[in-house]
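Throughout, numbering of the chain's residues begins at 1 and tracks the sequence.
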Amino acid sequence: MNAGIQIYTNDETVENMNIRTGELMKGVPERHPFRVGSFNVIPFELPHTTYDKEANQLVPCSNYGYLVEHNEMGKLLYITDFEYSKYNFQKMNIHHLVIECNYCEELVDKTEANYSHRLKGHCSLSTCKQFIKQNRTESLRTVTLVHLSGQASDACKIQKEIQEVAGDNVLVQIGRAGLEVDLNLCPF
């Protein structure tokens with residue numbers, strides 16, 4: 001928003017951030033397609049939690065994933081800050097996947113303050129692998145792994161295991177500042 005870029009999200013987020021927003025934040029209804037320039041976008045709900053300090057407990061938090069389609073890149077699925085996906089996208093023949101892989105189960109410190117939130121609000125390596133197995137088709141070209149935990153992830157292990165699931169013909173990368181991913185469907 002500070003850069004003047006339009007933000008599309010759910011109405012709950014727009015309401016909660018009302019003080020900081022204006023015309024640059026727009027609430028869109030779940031599963032209702034909309035256009036942004038030449039991109040078609042479908043938002044969908046993903047299970048996520050947040051910690052309510054007043055109630056001293058985890059509470060559900062509205063969160064969207066997005067299916068984005070464009071003639072030159074095909075279909076990109078963006079899902080992050082989620083425990084699991086209740087949707088299956090295999091019939092959509094996704095070309096590009098940007099997915100959270102927040103933690104490796106064996107590296108999570110069960111005594112950390114946000115232990116429950118990590119499990120209920122973020123995607124584990126095993127959940128990420130299962131999602132890719134269930135949704136992978138021959139169309140898949142790239143998987144970009146994002147939102148890795150600094151304390152509970154092993155980037156090399158994650159990339160290796162996701163590559164095994166995605167297959168040799170899929171480019172699997174860990175998201176980082178400056179990373180560029182070629183989303184063009186057309187060869188050169």
Side-chain angles (χ1 to χ4, degrees), residues 5-14 25-36 39-50 58 60-70 73-105 108 114 117-150 152-153 155 158-159 161-167 170-177 179-183:
I5 298 171
Q6 178 79 53
I7 305 294
Y8 297 90
T9 187
N10 54 62
D11 288 330
E12 182 180 332
T13 301
V14 172
M25 185 173 275
K26 189 174 203 168
V28 292
E30 180 186 10
R31 294 183 299 183
H32 285 91
F34 64 96
R35 287 186 65 80
V36 178
F39 293 87
N40 293 313
V41 182
I42 302 173
F44 55 92
E45 185 75 29
L46 289 170
H48 185 56
T49 61
T50 191
L58 290 175
C61 174
S62 191
N63 181 43
Y64 278 174
Y66 298 90
L67 176 61
V68 182
E69 187 172 4
H70 187 277
M73 76 165 189
K75 295 175 185 163
L76 178 142
L77 187 63
Y78 175 87
I79 54 176
T80 188
D81 276 341
F82 72 107
E83 181 183 0
Y84 63 92
S85 173
K86 57 187 176 182
Y87 299 108
N88 185 297
F89 297 90
Q90 188 174 38
K91 291 181 182 177
M92 301 296 294
N93 290 310
I94 302 300
H95 298 98
H96 309 285
L97 177 59
V98 178
I99 186 169
E100 170 184 13
C101 190
N102 186 264
Y103 63 95
C104 302
E105 290 87 341
V108 175
N114 70 340
H117 170 67
R118 182 176 311 281
L119 300 184
K120 297 282 186 184
H122 296 288
C123 182
S124 68
L125 173 58
S126 63
T127 299
C128 184
K129 287 168 43 176
Q130 187 64 31
F131 181 86
I132 293 169
K133 282 179 189 175
Q134 291 174 341
N135 292 279
R136 187 186 179 288
T137 66
E138 293 302 315
S139 302
L140 189 62
R141 294 172 176 235
T142 66
V143 174
T144 305
L145 302 161
V146 297
H147 199 10
L148 278 69
S149 165
S153 69
I158 288 172
Q159 186 169 8
E161 290 190 23
I162 295 297
Q163 187 71 65
E164 289 170 0
V165 171
V170 178
L171 175 63
V172 175
Q173 299 179 91
I174 304 289
R176 59 175 166 67
L179 176 68
E180 293 184 21
V181 181
D182 183 4
L183 302 178

Verdict with reasoning, Ile99 to Leu145, per side-chain contact (heavy atoms from CB on, under 4.5 Å): CA-CA 5 Å; Ile99 186 169; Leu145 302 161; 3.8 Å; yes
For [Y], does its backbone N or O pair with a side-chain atom of [X] as donor and acceptor, under 3.5 Å?
X     : Y      : result
Tyr8  : Pro43  : no
Glu30 : Glu45  : yes
Tyr64 : Val28  : yes
Ser85 : Tyr87  : yes
His96 : Leu183 : yes
Gln90 : Thr137 : no

Pair Asn102-Thr80, side-chain contact (heavy atoms from CB on, under 4.5 Å): steps then yes or no: CA-CA 9 Å; Asn102 186 264; Thr80 188; over 6 Å; no
To the nearest 0.5 angstrom, please state how far the [atom1] atom of [X] sits from the [atom2] atom of [Y].
X      : Y      : atom1 : atom2 : result
Ile158 : Ile174 : CD1   : CD1   : 6.0 Å
Leu171 : Asp182 : CG    : CG    : 9.0 Å
Ser124 : Gln130 : OG    : CD    : 10.0 Å
Leu97  : Phe131 : CG    : CZ    : 6.0 Å
Leu67  : Asn40  : CG    : CG    : 9.5 Å
Asp81  : Glu100 : CG    : CD    : 5.5 Å

Pairs touching residues 124-139 that satisfy salt bridge (charged side-chain N to carboxylate O under 4.0 Å, His left out), sequence neighbours left out: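 Sorted result for residues 124-139: Lys129-Glu161, Arg136-Glu138.
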Residues which pass ring-ring contact (aromatic ring centres under 6.0 Å, His included) with Tyr84, listed by chain and number, not counting sequence neighbours: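 None.
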Ring centers of Phe44, Phe89 separated by less than 6.0 Å: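 For Phe44 and Phe89, the ring centres are under 6.0 Å apart.
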Indicate the atoms forming the closest heavy-atom contact of [X] with [Y], along with that distance.
X      : Y      : answer
Leu148 : Ser153 : CB-OG, 3.6 Å
His48  : His122 : CE1-CE1, 4.2 Å
Glu83  : Thr127 : O-CG2, 3.5 Å
Lys75  : Asn93  : CD-O, 4.3 Å

More than 12 heavy atoms from other groups under 6.0 Å of OH on Tyr78: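 At most 12 heavy atoms, drawn from other residues, nucleotides or ligands, come within 6.0 Å of this atom.
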Below 4.5 Å, heavy atoms only, C-beta onward: do [X] and [Y] meet side chain to side chain?
X      : Y      : answer
Val181 : Gln173 : yes
Leu76  : His70  : no
Asn135 : Ile94  : no

Non-neighbouring partners of Glu164 that pass salt bridge (charged side-chain N to carboxylate O under 4.0 Å, His left out), sequence neighbours left out: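 Listed in chain order: Lys160.
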